[in-house]
There are 2 protein chains.
Amino acid sequence: MAGVDRSLVANVPVFAGLAPEQIDQLLQEAQSVRYAKGTNVFQQDEGAHSFFVLLHGRLRVFKLTPDGQQVVVRFVTPGEVFGIAMAIGRATYPATAHAVVDSIALVWPSAAWPRLAATYPGLAVNTLQTVGSRLQDAHTRVVEMSTEEVERRVAHALLRLARQSGRGIEAGIEIDFPITRQDVAEMTGTTLHTVSRVLSAWESQGLVEGGRQRIILRDPHKLFLLAEGSPG
Amino acid sequence: MAGVDRSLVANVPVFAGLAPEQIDQLLQEAQSVRYAKGTNVFQQDEGAHSFFVLLHGRLRVFKLTPDGQQVVVRFVTPGEVFGIAMAIGRATYPATAHAVVDSIALVWPSAAWPRLAATYPGLAVNTLQTVGSRLQDAHTRVVEMSTEEVERRVAHALLRLARQSGRGIEAGIEIDFPITRQDVAEMTGTTLHTVSRVLSAWESQGLVEGGRQRIILRDPHKLFLLAEGSPG
DNA sequence: GACGCTCTTTGCCCCGGCGCAAACAGGGCC
DNA sequence: GGCCCTGTTTGCGCCGGGGCAAAGAGCGTC
């Protein structure tokens, strides 16, 4: 698409190591699409027609269970590929991607993937690494859910969010997109109520500062100790 | 290595679509190694020197937490690649692979991976699909642990084991390798005691049949209904 | 054939965290 | 400025399932 400049994707890991001309060629096949806050980029179980690279914004990726419960898979930050169901051999999207703020993504038709992967071998290798690190993350999550009590899981989740989407402010580190207690609950396998209680307790100890769809880590180090299981 | 015949890997998905000559070339670079029951193929945090394809046997892959708890990541069955830490950008193995029965694997040096992936593009594509389906599995597990109570999780785990390693016998489906209640607990995020209680209850209803390191599913369909959340 | 190791079962108690319910508060919108 | 919608807090009671403890049972070994 005209108007998508190479500099926009200079730091996109999935394009790492590709020659500038190759990146230009890839970009020529992409569309740049805007998704308004509150809309879905794609929905679970719908045909995996496209894959994407997020340029701006924040997406919440979640799975819906048959009985209507949501589980947050991850939040997508700019520079990440997403929606690569086709590349991993799925015909449909395994989850829904929802824009939590106004977002812009590059969009390629999934049908182009086999050709692109064959033409630019680095693309498949990079994608393999991306998927691999998501696999690591998922396993980490399984281990946490198997062995840690709720408080530690919430601490881990907040630290991860801060690392991925933290904005340093004088009061500490603020998660830089609107996130609810419910979201945190769905990331950690607990309930809205329990998350609220945990955060309230932490707030009274000065570890965090809350607000509507807002979380600030006032004392990341103490949270880290909590996450690692230090008593108290 | 001499003596490794192409027919041994005819049904290995990671080699799917490769030309017979290419498979022969790959096999020439591999060693065939035997691992006695009870030994480790590799250990968590050790340098990822090799990657593998399992030819015979069964491996239990698990992660060890800092405080000594184990979490089973998966069981490896013949035909699967494993230990591909290097391919997904890790310098060390993220888990330990333990032979639960005498096992044989093809072994390649990890250092050869970049060259192999570049030489045989199909290899990277197939590996991407493999890693992708493991990612799916891991997410499924996260969803189950987030939304299902223990009994359903155990039912799901047994059905998965039966599909992957089930031997049909007149009494039902038997898991065809030695597996302990502790293993099932570590797969489902619960305790040995709770798994034992659940299986005892099911045995008294005729759903399963137990034994030392032995589980037989007598009524897979009822178990399936249980796993899907049907009451009773 | 007896011993010992590992795996399994079961009883009992307790508690982390969930469910329910109700009150409370930002903040967007008219 | 007031209303309403959505998100948050908090109290209370209960219970699934974990912890602890101890007894029982395959199975390999000498």
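Naming: A, B, ... by sequence-line order, numbering from 1 per chain.
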Does B/Ser165 reach the main-chain N or O of B/Ala162 with its side chain, forming a donor-acceptor pair under 3.5 Å?
no
Testing B/Glu151, B/Arg141, B/Glu148 one by one against B/His156 for a side chain to side chain donor-acceptor pair (under 3.5 Å), which residue passes?
B/Glu148
Is there, by distance only and without an angle test, a donor paired with an acceptor across the side chain of B/His193 and the base of C/dT8 below 3.5 Å?
no
Does a nitrogen or oxygen in the side chain of B/Thr180 sit under 4.0 Å from OP1 or OP2 of C/dC7?
no
Can you see whether B/Gln70 engages B/Arg60 through a side-chain donor-acceptor pair at a distance of less than 3.5 angstrom?
yes
At under 4.0 Å, does any side-chain N or O of A/Thr194 touch on OP1 or OP2 of C/dC18?
yes
Mind listing the residues from residues 197-204 of chain B sitting with a heavy atom below 4.0 Å of DNA chain C? Number order is fine.
B/Arg197, B/Ser200
Has A/Arg214 got more than 12 heavy atoms of other residues, nucleotides or ligands less than 6.0 Å from its CZ?
no
A/Glu144 meets the salt bridge (Lys or Arg N to Asp or Glu O under 4.0 Å) criterion, sequence neighbours left out, with A/Arg160
Looking at A/Thr96 and A/Gln43, would you say the former's side chain and the latter's main chain have a donor-acceptor pair under 3.5 Å?
no
Applying side-chain hydrogen bond (donor to acceptor under 3.5 Å, both in side chains), can you list everything that pairs with B/Asn40, at least two apart in sequence or on another chain?
B/His98
Base, sugar-phosphate or nothing for B/Ser196? Non-hydrogen atoms, less than 4.0 Å.
base
Boundaries of the DNA chain D segment in contact with chain B, non-hydrogen, under 4.0 Å:
D/dG17 to D/dC27
Taking the six-membered ring for Trp, are A/His49 and A/Tyr93 parallel (under 30°), tilted (30 to 60°) or perpendicular (over 60°)?
perpendicular
Distance-only donor-acceptor check, side chains A/Thr127 and A/Thr130, under 3.5 Å
no
What pairs of nitrogen or oxygen atoms, one from the protein and one from nucleotides 1-6 of chain C, lie under 3.5 Å apart?
residue : atom : partner  : partner atom : Å
C/dT6   : O2   : B/Arg212 : NH1          : 3.0
C/dT6   : O2   : B/Arg212 : NH2          : 3.1

Answer with yes or no whether the side chains of A/Asp183 and A/Thr180 bring together a donor and an acceptor at under 3.5 Å.
yes
What residues from residues 138-152 of chain A pass a heavy-atom cutoff of under 4.0 Å to DNA chain C?
A/Glu149, A/Val150
For B/Glu80 and B/Thr77, which I'm curious about, is there any donor-acceptor pair between the side chains at under 3.5 Å?
yes
